[in-house]
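Residue numbers start from 1 in every chain, and the chains themselves are labelled A, B, ... in the order their sequence lines are given, proteins ahead of strands. Because the structure is a prediction, the values reported are computed rather than measured.
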2 protein chains.
Amino acid sequence: MPDRPNPRAERRQEALSRDRIVATAVELLDADGEQGLTFRALATRLSTGAGAIYWHVANKDELLTAATDAMFVPILDVRRINASPPAKIRTIGLSVFDAMDAHPWIGPQLSRTSWQTSMLELIGQQLQLAGVPAPAQFTAASTLVSFILGASSQNAVNASVRAASGTRSRSDSLGAVADRWARLDPDEYPFVHQIAGAIGEHDDREQFLAGVDLLLTGIGLLGQPTP
Amino acid sequence: MPDRPNPRAERRQEALSRDRIVATAVELLDADGEQGLTFRALATRLSTGAGAIYWHVANKDELLTAATDAMFVPILDVRRINASPPAKIRTIGLSVFDAMDAHPWIGPQLSRTSWQTSMLELIGQQLQLAGVPAPAQFTAASTLVSFILGASSQNAVNASVRAASGTRSRSDSLGAVADRWARLDPDEYPFVHQIAGAIGEHDDREQFLAGVDLLLTGIGLLGQPTP
DNA sequence: ACCTGAACACCGTTCAAGT
DNA sequence: ACCTGAACACCGTTCAAGT
């Protein structure tokens with residue numbers, strides 16, 4: 001019988017597995033974005049050869065799809081929370097917003113997932129519960145999904161661009177943007193220039209929630225915004 | 001004096017220029033997406049060497065930014081149309097939607113442009129004209145921008161994925177999606193499954209417009225949706 | 001069954017050399 | 001001033017060979 005490795009040594013050199021590969025891919029993506037995910041970097045971090053990965057994963061496309069899917073699974077747990085339909089929709093929106101903020105590489109990968117369908121389902125159910133008339137349900141649900149995914153994805157990319165360009169004077173919130181806007185030509189950009197001063201205390205997350213509320217108002221689930 | 005080329009020959013072999021490079025880049029992007037844009041492919045199509053391009057353009061990043069900017073410039077002409085603020089906002093939205101539908105590679109490039117600011121300006125001005133109260137203007141404008149860019153970008157990517165996967169049975173509209181939805185497990189996807197039959201006559205563009213209207217309603221510029 | 005690592009084709013970018 | 005094309009470093013993917 002040849003030497004067997006000590007079973008306790010697992011922690012040092014765990015077996016290569018699809019799950020471990022995907023998890024490591026997510027680490028690389030979080031650290032350096034899409035261009036940080038490389039089969040060679042992955043192999044190094046897993047202390048294996050580049051070719052070994054192909055035994056568990058068909059190609060980079062499949063790897064990116066699996067990594068994207070992995071980010072969304074936890075969000076589906078929102079199903080278990082207990083709240084009114086509008087509150088639940090807000091919570092769903094916020095958890096998507098936060099997930100994409102934490103993993104900005106997701107945005108461009110969104111079309112890989114069947115996740116838009118899952119989200120349409122979650123939100124559609126809430127609209128039914130809230131008594132939205134049947135003919136309006138589809139439009140309302142798909143508009144909410146578009147807004148939640150679109151706004152979250154843009155916020156994430158903008159935030160990571162801001163972070164990368166080293167603007168740290170006023171944290172990486174809307175503040176930096178406000179500074180830039182204040183310097184725009186007031187003749188060419190009257191609205192943006194004027195608004196620049198007023199958004200100092202705004203925060204991206206609240207801004208996003210306000211957008212969701214605007215939609216819920218249009219759908220008829222909320223009272224008028226500025227009474 | 002050495003031979004001079006016939007001035008009429010310009011059309012056969014125009015001088016290399018930044019504009020010509022960007023225009024050719026857009027052709028490649030339209031044809032094969034982001035992976036279709038290659039310095040070698042570009043050089044071949046311009047019948048020049050790969051290195052020549054670097055005299056006019058710093059690198060691929062700058063080229064992609066220039067290409068993206070070029071797609072948005074025409075949209076700004078919307079400024080010249082003459083209509084009520086809500087109608088003008090709808091028109092702005094539709095022209096963005098159509099531009100992204102025609103050039104699906106734009107979506108992931110959106111963060112390159114200062115175009116989000118230009119759009120915020122355009123829409124903000126309309127909201128001011130429409131009499132939206134000042135404290136609500138910024139939230140309303142930025143929600144509209146997020147929705148318009150986000151929904152357009154997702155529609156474009158979805159549509160091009162559908163087109164690429166060769167689903168031609170029911171054109172590349174929502175029909176194909178409806179078929180897939182109808183086949184989902186009704187227990188896991190009650191809402192989506194049920195809605196599948198009802199969206200046969202919907203069309204992506206109308207769906208998008210309905211979303212804009214939902215927001216305009218929430219903002220208070222439109223009457224209630226289902227009276 | 002699972003892993004190694006050299007090899008291949010292709011890419012962005014640079015640069016000495018030309019005109 | 002502008003262009004050529006070879007060269008470099010790096011990437012995704014394949015595959016004969018190992019265990």
>> Using 30° and 60° as the class boundaries, would you call the ring planes of F138(A) and W181(B) parallel, tilted or perpendicular?
In response: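 Perpendicular, since the angle between the ring planes exceeds 60°.
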> When all nucleic acid strands are considered with a 4.0 Å heavy-atom cut-off, which category describes L42(A): base, sugar-phosphate, or nothing?
Replying inline: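 If one applies the 4.0 Å heavy-atom cut-off, L42(A) turns out to touch nothing in the nucleic acid.
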> At under 4.0 Å between heavy atoms, what does L37(A) touch on the DNA or RNA strands: base, sugar-phosphate, or nothing?
Replying inline: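 It contacts sugar-phosphate atoms only.
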Would you mind reading off the distance between [X] atom [atom1] and [N] atom [atom2], rounded to a whole angstrom?
X      : N       : atom1 : atom2 : value
I53(B) : dG5(D)  : CD1   : C1'   : 13 Å
F39(A) : dC8(C)  : CZ    : C1'   : 16 Å
W55(A) : dC15(D) : CH2   : C1'   : 16 Å
Y54(B) : dC15(C) : OH    : C1'   : 13 Å
L28(A) : dC11(D) : CG    : P     : 12 Å
I21(B) : dC2(D)  : CD1   : P     : 12 Å
D61(A) : dT13(D) : CG    : C1'   : 13 Å
R40(A) : dC11(C) : CZ    : P     : 15 Å

> So which heavy atom on Q154(B) is nearest to which on Q116(A), and how close?
Replying inline: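 Shortest heavy-atom separation between Q154(B) and Q116(A) comes out as NE2-OE1, 3.6 Å.
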> Does dT14(D) have a Watson-Crick or wobble partner in any strand here, with both distances under 3.5 angstrom, and which is it?
Replying inline: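 dA6(C) is the nucleotide pairing with dT14(D).
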>> Both distances below 3.5 Å, Watson-Crick or wobble geometry, any strand: find the nucleotide opposite dA1(C).
In response: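 Looking at the geometry, dA1(C) pairs with dT19(D).
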> Between D69(B) and R112(B), is there a salt bridge with N-O shorter than 4.0 Å?
Replying inline: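 No, R112(B) and D69(B) are not salt-bridged.
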> Taking for each residue the nucleotide of DNA chain D bearing the nearest heavy atom, is the 5' side occupied by Q35(A) or by A52(A)?
Replying inline: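 Going by which nucleotide is closer to the 5' end, it is Q35(A).
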> Does H56(B) reach the main-chain N or O of S17(B) with its side chain, forming a donor-acceptor pair under 3.5 Å?
Replying inline: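 No, because the side chain of H56(B) does not come within donor-acceptor range (under 3.5 Å) of the backbone of S17(B).
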